[in-house]
Structure formats: structure tokens, C-alpha cells
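A quick write-up on the structure given underneath.
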Amino acid sequence: MSVAVNERDTKMSNCARLSATKRVAALKAGAPCAAQEVTDIGYADDVFTRETMKTYLSKETYKKLLKTIDGGQPLDETIAGEVAHAMRHWAQDRGATHYTHWFLPLTGGTAEKHDAFLEIKDGQPVQAFSGKNLIVGEPDASSFPSGGIRSTFEARGYTAWDPTSPAFIKRHGNGATLCIPTAFCAYTGEALDRKTPLLRSMQVLSSAAKRLMKCFGKDEEKVAITLGPEQEYFLIDKNFYLARPDLVLTGRTLFGAPSAKHQQLEDHYFGSIKSRILNFMNEVEKELWTLGIPAKTRHNEVAPAQFELAPMFEELNLSCDHNMLVMEVLRQVADRNGLVCLLHEKPFAGINGSGKHNNWSVSYGDTNLLNPGNDPHQNAIFLTTLCAVIEAVDKHADLLRASVASAGNDHRLGANEAPPAVISIYLGDQLADVIAQLEKGAPKSSKHAGTMKIGVDTLPPLPKDATDRNRTSPFAFTGNKFEFRAPGSSASCAGPNVVLNTVVAEAMNRIADELEAAGVVGKVEPGKHTPAFHNALQKILQNIVKTHKRILFNGDGYKSDWLTEAAKRGLPNAATTPEALKAFTKKENVAVFEKAGVFSARELESRYEIAIEDYTTKVMIEGNCALDMARTMIAPVVKAEYRETMDAYVKAREGGIASGTTILHDDIVKLGAGLDAVKLRCSELEAGVAKRDPAAVIAAMTALRTNVDALEGMVADDKWPLPKYREMLFLY
Ligand code: ADP
Ligand code: MG
């Protein structure tokens, strides 16, 4: 039986089935089918891009769809049928047989349930995908975390098409699936995912920025919130990974003595990339480019076997979706190359962990509101945006900290390689100076950088940045954006950005309130604001600096005296996830989200519960895994070593041989003491797990690890049951 296709279908598919080069040739020859622009890297070939839409959609429908994508207007449901039809044809032309609503449930990962395009009509198989199938899906939601929002017997959950993130095709072995990015919510409309609050927060910040710009007399323009997430990760050989139950079950090593060489020589950072890794990176990038993900930068990171991938920035919602795909592609390509990509925040103790630097900015039309220009002291819009961020971050540092809290990130934050758990802002010399002037009155000058002499005659003087970098700050101004460095490597980007958008919107709205109340706003020619406007604005910004300057810190965030200083300034310092997450339960914080319409109280409460449960469960899995490994892998080899040494000792004594017996005796005592300690720690760990007490489990696990790592140095290398740090981190 053949699947029914109509004439239009055939034309379409013939056109799109042409190979890239042929399509370019066809394009040049003025072929009727406007093939999408193709370069030889196949960029966005698997994305239902605007170019593709133009090819597959009627002009009117394309225009209407753009109104939603760019103009933020509600989706015109009458076009859904045509869009679905076009999407299916395009996807089939590219080999897809199935479609799925792709969403971001509160598990932290992504979810997909595939359906074939197949339907049976009058006994005949036909390919179909309706507008309704595109707009809404109804997966059984009962097995996704909902934090009490939905009881298991009310299984309904809905996925709703997000037209602002384009559909794409995911390839898997011999097949391909059309993926439609969607929001996921309960029957009541409450959000069950990470995308819905993100979209809400973007809307909120967008309105606030528009309102503020109106105060400046600007015409309404599109607000774009931009994100460039730098992704850190580790790669190790799959054979090592498979021999480590801790890595397989928890993503991090629960045991492992330090390798003699680790990152002391600082020779890995930006080092030349080994060819096996470069091959991996090339394959990753090719896949990402096909998915329209602008992977740009790649390099070795600080720790051995640690790497980074940075895409170019994109609009926030898309960038968040893309980062989820980046993580998936990293894992899959690693697997195909006999490697494993570890995205955990701290896979190896004693060396750097992995983060996800969240480069965030807001633009209005073509203007990046965080671009200081040459003379930031005269750039009122920039200074206002900057002050809004300062106010927001100081007022809600606890929420930002909470937004990055996870079991994995607890091992990383403040571990002398990553920013501390105390949130502070780094502005750099130039802006710190402007802000200091602003505190006293109207800022009069901006420090300029000039050029830098290298001291080599043949090298030209280099233009200098106005400000040096600071790697130790959790929230650093980096030229034309803020870089939030606390997010963990495995987390979705959505959480921290929901908070950031919401709190910055709150501050922008407050500034707009004051300007409006002062009666100084209105439409003006560029640069023609009244003195009254300038005075009012200056007073507002001055107050912000005075009230919130404690959040500004330009020094070394890794030093312990900063923590003392931060405590004096009254900055919150939540060291653990349970402590940090409490911020989501504070009445005044709940009110911030409720007022903004980003989370209802119930949604926030459910998220708090899910995060706490996730934390506790992960710690318990680690505890049980450590117990199991200590009892069934470590203790037996130590016992064998003990037995063997004892045999040798007894035999030597029986044979009347004295030499060697002192050391044998010592070893027996040490191994025995180690075994005793392991036994004791295991009992403590077991008790902690039985009580489901994360703090007790972590303490017992840490103590057990110390004992086990010491034993690693006493047992014959060929008998040790686990791949060692020096192997995992250097043999790849
Ligand atoms: P680093 O030197 O810290 O690695 P880069 O200058 O390479 O930083 O940029 C890091 C990330 O910041 C990149 O993803 C880049 O696209 C992104 N970025 C640049 N400008 C913006 C912006 N206006 N908004 C958001 N992200 C941006
Ligand atoms: Mg960076």
C-alpha cells in the first residue's frame, strides 16, 4: 500500500529533496521553488526557519504567523491547519515519520512523546498532521513532577505550541522526528514546566522596558531579552565511566583520591585540543548548526578533561531551548565516540566544577540597553537600566541564589573556583567610578582606557577595554551585558532568567512609577529632555545607588575576607540548597512573582516542593550508591589485601623470618583500621539514609570518602576496583 500524497506534496518534496548544492544551483537558475539559503555547513537545515516557512506557507499565513512570532500577538488559530500541513511536508521531505510536542517538564530535562503522521482513512493509510495536533497536545501528565498542583488521578496535562521557538527535526539512528516546542500546563492552566514562567517573565520585562522607554520619550519598539549561555562540561572515556557506578547513577564520583597531577600547572585551560576531542567537537558543532544553534566558541577549560562550548547569543526563550538541545547533543555525540559527557556541576572533587555562564541583556529596537557607549556617564538610558539591575539584584539576591540551587551546584559554589554563594555585582573600574560620581551628584566624566603598550617594537599598541575582567564575581558586568556565573552546568537556563527578568522588571516599573509621579515624562525630541526630567531621574538613580551600593563589589570574590565583609554588609549567604530555596517561601518574595503574574502562590509553592524533593532524592541516591560501593566493591578488596598481608605475616613468623614483618604488621594495622572506619561510616550513612536526612547523609558520605580515598593509596593498584582520577582525567 502506498501512502497517499497529492500533487502539491510531490512538487514540494522534489524541491526540498534536492541536495544542498543542487538547491543553490536551482536558486541561481531561478527555479520556481524558493529553496532556503544553504551554506555548506547546512546551517539550520533541520529547522522550520522563516525561509522554509516562506517556501511552504502562503504569503498571508506567513504574515499572520510573523505577527505572533515577532509582534507578540495571540496566535490566529485559523492558520494552524495550513501551518501544520506545511510543517509535516517539510519534515517528511527531510525524512521525518513522527512528530512530538517537545517540552521542558520540572524534571529538569526535556520530554517528548512521539506520534506517527499516520492515519487510516476509509481503510487506507494516509499521512496527516492537523492544526489541532500542532496547537495542543494532551500527554498523560501524571508521572511528571507537579509538586501537588495536580493529583495523580487527574492525569490531564496540556502542551501548547510555542510559535516563538521554531520547530526542528531530531535525528536518531535510522529515523527522524519533527519536534514542536511547547509549553506544558495542567488542566487548571497552572504551569507544569520551565518554559511557561519564562515566557511570562519575558512578557513582564518587555512591558516594563517599554514603559520605561516611554518615560524617556521613546516610540514603542520590540524588546528583546538576549541570552548567550556558555556551557562547561567534562569528557571521559566510556570504559572508565561504565566501571564507576557512582558516575552512572549520580553523575559524580563519590570516591577517588586526587591525582598527583591535576590542574596545578594550569596547562589545560585554552591548551591545544586533542584530536579525539576535536573530532568530537566538530561532530557536535555540525549537529548543532543543522539545528540552527549558533555554536561559536570551543576550548579546553581549567580542569583536566574539562571543556566549554559557547553559542552566539539569541533571544532568551530560543536560547534556553537551544541550550537543552546542546546538552543532549553533547551527550549523544560523546556516546557515539566512545566518550561520556559529564554535565554534573562537580564530577570530580578537588578540581574545578562546571557552570553555565548566563550572559544576559535587554535590547529595545536596535539598542542594547546595557551598552554603555563611549561615555556611560552621559548615557541616561544605560545608567537607568544599570541602576534597575543593581536595585533588582540587591533586593532579590536571595531569589537569584535560590534559582541556581541544586544538589550538584552546592559542591561548586564557593569551592574556590566558582563564585561564592553570596551574590554581588562586579561593575569594573569605569562603571564603578561613574556610579560613585552618581551617588554624589551628576556624573561628569567616564574613565577612558586608551591603549596598551606590550613592549615589543614590532607589535602595534592595542586598544584597551575600559575595564579589566573579574572571574570571581557571581554577577559581572561584561561590556554590554551581565554575566551571571552561578548557574550550574546541568541546569536549564530558564530558572535564573525567570527570576532575573521578574526582578529587573519590578525595578524598571518602580523607576517608571517615580518618573510618572514626578510629572516629567512625555514625548520629546531625542536629547531634548527638560531639566526637570533630568533632575528627577538623577534623584531616582542617586537614591538607588545610595540604597543598594552594598551589592557592588569589585574585589576578589574567592577570598575569605569577602565573606566576612559581605556578612557585615548584610548580604545573604545561603551555603546549601535547602537554605537557599527558603527564599521561594518568603511572603514578600511570593508577592513579587504574584504581582508580576509570573507565578501564582501555588505554582511557586509547588516548585519549591519539587526542588526540595529533587535535592533530597539526589542526596539519598548518592548515599545509597556510596554505601553499596563501599560495602560491595571497596571493603572486599581491602579485606583481600588484609588477608593476603596477614598470610604473609603469619607465614614469615612461622618460618622464623623477621625481615619485612614490621612493615607487614603496620600495613595490617592500617588496613584493619581502615576497614573499621569504613564499617563505622557506613553505619552512620545508613542511619542518615534511613532518616532521609540530607545533612547527615552528606556528612557521613564525606567522612566515608576520606577513609576510602586513604585506602586507595594502600591497596595494590591492579586490585583497586574503580578507575582512578589519574586515569579518568588524563587517559582520553
Ligand atoms: P567570555 O569571554 O566571557 O567567554 P564572550 O565575549 O565570548 O565572553 O561572550 C560570551 C557570551 O556572551 C556569548 O555567548 C555571546 O554571544 C554572549 N553575548 C554577547 N553579547 C550579548 C548580549 N548583548 N546579550 C546576551 N549575550 C551576549
Ligand atoms: Mg564568560
Side-chain angles (χ1 to χ4, degrees), residues 43 198 201-202 205-206 209 221-233 268-271 273 281 284-285 288-289 291-303 306-327 330 352 354-373 376 379 381-382 385-386 388-389 393 417-419 425-428 431 462-487 489 493-494 496-498 500-501 504 557:
Y43 194 79
L198 183 72
S201 75
M202 289 169 68
L205 180 54
S206 170
E221 297 214 53
K222 181 182 151 86
V223 173
I225 306 158
T226 47
L227 175 72
E230 300 165 60
Q231 176 72 51
E232 293 177 335
Y233 59 95
H268 194 253
Y269 189 57
F270 284 11
I273 306 171
M281 289 174 167
V284 166
E285 282 161 14
L288 294 180
W289 290 336
L291 286 165
I293 299 173
K296 166 98 172 156
T297 308
R298 61 192 189 194
H299 61 81
N300 285 2
E301 255 302 330
V302 172
Q306 192 188 24
F307 309 93
E308 180 181 302
L309 179 154
M312 281 183 269
F313 71 89
E314 299 179 280
E315 278 203 45
L316 177 53
N317 175 36
L318 182 60
S319 187
C320 283
D321 282 355
H322 279 173
N323 180 256
M324 298 308 291
L325 290 172
V326 164
M327 293 195 283
L330 284 171
N352 281 17
S354 301
K356 178 139 42 197
H357 293 175
N358 193 90
N359 294 276
W360 173 96
S361 193
V362 189
S363 44
Y364 190 71
D366 291 334
T367 312
N368 176 353
L369 296 182
L370 283 173
N371 185 357
N379 189 340
I381 288 182
F382 165 73
T385 311
L386 182 70
V389 174
V393 173
E417 64 197 44
I425 298 181
Y426 171 85
L427 289 181
L431 292 186
L462 296 179
K464 238 164 79 163
D465 286 300
T467 290
D468 197 2
R469 284 166 178 261
N470 175 319
R471 284 168 47 100
T472 65
S473 174
F475 204 91
F477 184 76
T478 46
N480 62 355
K481 61 191 186 289
F482 271 104
E483 182 170 343
F484 186 27
R485 298 185 178 125
S489 48
C493 298
N497 289 296
V498 167
L500 198 50
N501 293 344
V504 172

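We count ligands from 1, going down the list as the structure has it; atoms in each ligand are counted the same way.
- Annotation for Lys296: atom NZ does not count as buried by contact number, only 12 or fewer foreign heavy atoms lying within 6.0 Å.
- Residues Gln306 and Asn352 bring no donor and acceptor atom of their side chains to less than 3.5 Å of each other.
- A side-chain N or O of Ser361 and one of Asn368 form a donor-acceptor pair less than 3.5 Å apart.
- At under 3.5 Å, not a single nitrogen or oxygen of Trp360, backbone or side chain, sits near a nitrogen or oxygen of ligand 1.
- Contact check on Lys356 versus Glu232 returns no salt bridge, with no Lys/Arg side-chain nitrogen under 4.0 Å from an Asp/Glu carboxylate oxygen.
- Of the candidates Met312, Glu230, Glu315, the one placing a heavy atom closest to atom 10 (C) of ligand 1 is Glu230.
- Neither the backbone nor the side chain of His357 has a heavy atom within less than 4.0 Å of ligand 1.
- Here the side chains of Pro311 and His322 are not in contact, with every heavy-atom distance at 4.5 Å or above.
- The residue Thr297 has no part lying near ligand 1, judged by heavy-atom distances below 4.0 Å.
- For ligand 1 and Thr226, the ligand atoms under 4.0 Å from any heavy atom of the residue are 22 (C), 23 (N), 24 (N), 25 (C).
- Scored by the ring pair (Phe, Tyr, Trp, His ring centres under 6.0 Å) test, Tyr233 finds Phe307 as partners (sequence neighbours excluded).
- Close approach to Ser361 involves these atoms of ligand 1, each under 4.0 Å from a residue heavy atom: 22 (C), 23 (N), 24 (N).
- In this model, a donor atom of one side chain and an acceptor atom of the other lie less than 3.5 Å apart for Asn359 and Glu230.
- Less than 4.0 angstrom separates some heavy atom of Asn368 from each of these atoms of ligand 1: 23 (N).
- Between Phe313 and ligand 1, an N or O atom pair is found at a separation short of 3.5 Å.
- Under 4.0 angstrom from ligand 1, there are no non-hydrogen atoms of Lys296.
- Residue contacts with ligand 1 for Ser363 are absent, since no atom lies close enough (heavy atoms, distance under 4.0 Å).
- Between the side chain of Asn497 and the backbone N or O of Cys493, at least one donor-acceptor pair lies under 3.5 Å.
- The shortest separation from a heavy atom of Pro311 to ligand 1 is under 4.0 Å, placing the residue in contact.
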